[in-house]
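Everything below concerns the one structure shown next.
Fair warning: this is a prediction, and the values are worked out from it, not measured in the lab.
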Amino acid sequence: MVVGMMGEGSLLQFWKTATTVLAPVLLCPLVFYVGTSEAKCGFVILLMAVFWVTDAVPLPVTALLPVVLLPLFGIMTTDEVCVTYLKESNMMFIGSLIVAISVEKCLLHQRIALKALITIGTSPRMLMLGLMLPTMFLSMWISNTATTSMMVPIVEAIVSELDEEMAAQVEDSEQARKKQQKNKQRIRVMLFLAVAYAANNGGVGTLTGTGPNLVFKGMIGTLFGSQTPVNFASWMLFAMPTVLVNLILCWLWLQIYFIGMPWNKSAINFGKKDAIKNLLVKKYQDLGPMTFQQMAVLGHFIVLILLWFFREPRFMPGWGDLFLEETIDLCGNVKHSQIVDDATSSMFIVFFLFIFPSELLFWPFTSWKDSRSSKSLLDWPYVQKRFPWGVAILFGGGFALASASKKSGLSDWVGNELKVLDSLPNWAMVVVICVLVGIITEITSNVATANILLPVLAEVGHATGTNPLYLMIPATVTCSYAFMLPVATPPNAIAHEASGMKTSQMMKVGFVMNIVCITINMVAINTYGVTMFGLDKYPEWANASRITSSSQC
């Protein structure tokens, strides 16, 4: 019996090998029996979906499969496939990540977080809000993993100080000590979850804040061109209200679950507030005065945000209107479109980060005699060490699949098959989509989820005569709403590990957060989202990508 169990266990360790071998074997009838271009493209997509969901092969390695399979199946040439791996959205991602790395290098993010904590207050409830607000803000611009990792030592220091203060208040009895120990753990879990959830939520606020947002930008560019109403400014104006509302509701929910109603006095004795404030002030003072390097990085960071926001703000002419090209479509209509995009702004700032000095050690800021060269704000070895190259490849794999679906005719086939959904009200379709995405993204990469589902949703929109953005935007946002499991997002995993919480506890708290965030998402897309993106009608830009002859004008 024991031998049998050992044999069974030893076989289980080869599940990745079994998945890698069996998945293409089971899907091969699509290639050898059906044999159409659509079926071959479907084989590639389904195979990659299996590998992405099961993680049998590393995600970025799976994302390289289109370079091998699409040319072999005659769907796209190798050149056509490879070009999709460095589309504008991917270059924007690379640029924004390099800027974020410069912020991390000079510790500007720690200064921002500590200053926010000191300013907002150190009562238990305000302390949690003080942790959540800077985490949310920072995760809009730098990776949520880096933001959460940066906040962990700050939370640890606060929790340690709270533990000491609470220990000083405890009565000398075994029952009181047990109760106090339980309360300490509740506070610890609450603060770590607050940071993780704020990081997950904050990334939604900008197009560069999280992977699914950039996948969405790349997908609509691949499928519909540059005429869609989505850009950095319009996305931020749409997403920020939902981010702020979700943050406040998360703050309230964590209070209710862990320490009671916000309007009631907490039953937990936290000790003196001054001790926490003194701790935070000391940590801030340890950073020293703001350096020239930090001020220079902050200046570049602000300029980048302004360039992104005012390229095409839509409520006024943007600087991108200075760079227009004139095109004539197949119907003879003359159109003017910008030839610059957000990647241009990103790389402009990145270039200056590598040449701008980090210290003023040269004339005229010092004497000619004492002048010496200064290091730049950023150096390539540091970037090379810190940059998540695998994520950039993962984006490219998704864009390659979208291009292949369009070129092979699979997109049209899927669209025709999904016309049955036309009987459902639009809002019901969105609810179903958001719930499914919310479930899937709990167990697999949110970038992989977006890569798989967004092209399909674009075709659902075409098949049902629904604006594709009405389906794609809620799905994209929901990809970031994974609050229930440690494996769902890196912030969840970090908080779970650092706090020592039970997975069941995270599931209970996260389940409510999922419902709250999806509900707010639905309200936003069906109210001001309709006006902002023109979601109440099927747009011309979606049809334009399908026009193949002037007879369709």
Side-chain angles (χ1 to χ4, degrees), residues 113 116-136 148 151-171 173 175-202 244-280 483-484 486 491-492 494-517 520:
L117 276 164
I118 294 167
T119 304
I120 292 170
T122 51
S123 68
R125 300 181 196 277
M126 296 309 293
L127 187 64
M128 181 164 61
L129 185 63
L131 287 168
M132 295 176 78
L133 283 172
T135 302
M136 177 206 77
T148 309
M151 294 299 289
V152 164
I154 297 175
V155 177
E156 285 284 8
I158 291 171
V159 169
S160 297
E161 189 63 35
L162 279 172
D163 285 352
E164 290 180 16
E165 288 296 313
M166 291 167 70
Q169 308 292 323
V170 71
E171 298 174 11
S173 69
Q175 186 178 359
R177 280 195 292 270
K178 284 183 179 179
K179 183 179 179 182
Q180 196 72 322
Q181 189 60 39
K182 185 179 178 182
N183 288 340
K184 285 179 184 178
Q185 181 60 15
R186 289 177 70 83
I187 299 304
R188 183 181 185 84
V189 171
M190 179 184 75
L191 294 180
F192 274 105
L193 280 180
V195 168
Y197 290 172
N200 290 337
N201 178 50
L244 292 172
V245 171
N246 286 337
L247 185 87
I248 297 301
L249 293 175
C250 177
W251 177 56
L252 294 172
W253 165 236
L254 290 175
Q255 289 181 63
I256 292 169
Y257 187 88
F258 288 103
I259 59 177
M261 293 294 183
W263 52 84
N264 293 337
K265 185 177 179 181
S266 173
I268 302 174
N269 190 345
F270 291 93
K272 298 176 182 177
K273 301 176 188 176
D274 292 342
I276 300 296
K277 185 169 185 179
N278 292 338
L279 171 72
L280 295 173
F483 302 107
M484 290 177 62
N492 288 10
I494 292 169
H496 182 269
E497 180 68 23
S499 67
M501 75 179 81
K502 295 178 180 177
T503 301
S504 59
Q505 193 173 26
M506 179 179 275
M507 290 180 69
K508 288 176 188 174
V509 180
F511 177 73
V512 174
M513 279 306 305
N514 277 8
I515 294 173
V516 167
C517 290
I520 298 301

Could you measure the distance from the CG atom of L129 to the CD atom of Q255? Nearest 0.5 Å is fine. 8.5 Å
All heavy atoms of P491 vs all of A196, minimum pair found to be O-CB, 3.5 Å
If we only count heavy atoms from C-beta on, is the I259 to R125 side-chain gap below 4.5 Å? yes
Can you list everything that forms a ring pair (Phe, Tyr, Trp, His ring centres under 6.0 Å) with Y257? Sequence neighbours excluded, please. W253
Quick one: pull up CG in L254 and CG in L249 and give me the separation to the nearest 0.5 Å. 11.0 Å
Tightest non-hydrogen contact, residues L247 and A198, listed as CD1-CB, 4.0 Å
Distance-minimising heavy-atom pair for A157 and L279: O-CD2, 3.3 Å
To the nearest 0.5 Å, how far apart are OG1 in T135 and CG in N200? 11.0 Å
Sequence neighbours excluded, the answer for side chain to side chain donor-acceptor pair (under 3.5 Å) partners of N246 is Y481
Tell me the closest heavy-atom pair linking S499 and V189, and the distance in Å. CB-CA, 4.2 Å
Result of checking L131, V155, T148 against F192 for side chain to side chain contact (heavy atoms under 4.5 Å, CB included): V155
List the atom of P134, the atom of A113, and the distance in Å for their closest heavy-atom pair. CB-CA, 3.7 Å
CZ of F258 to CE of M128, rounded to nearest 0.5 Å, is 9.0 Å
Student check: side-chain heavy atoms of I154 and I158 closer than 4.5 Å: yes
Taking R188 for its side chain and A498 for its backbone only, find out whether a donor-acceptor pair lies under 3.5 Å. yes
Measure the spacing between NE2 of H496 and NZ of K502 and express it to the nearest 0.5 Å. 11.0 Å
Shortest non-hydrogen contact between F483 and Y197, atoms and distance: O-OH, 2.9 Å
Can you confirm whether L193 sits close enough to M506 that some side-chain heavy atom of one is under 4.5 Å from a side-chain heavy atom of the other? yes
Rounded to the nearest 0.5 Å, how far apart are CG of L191 and CE of M132? 10.5 Å
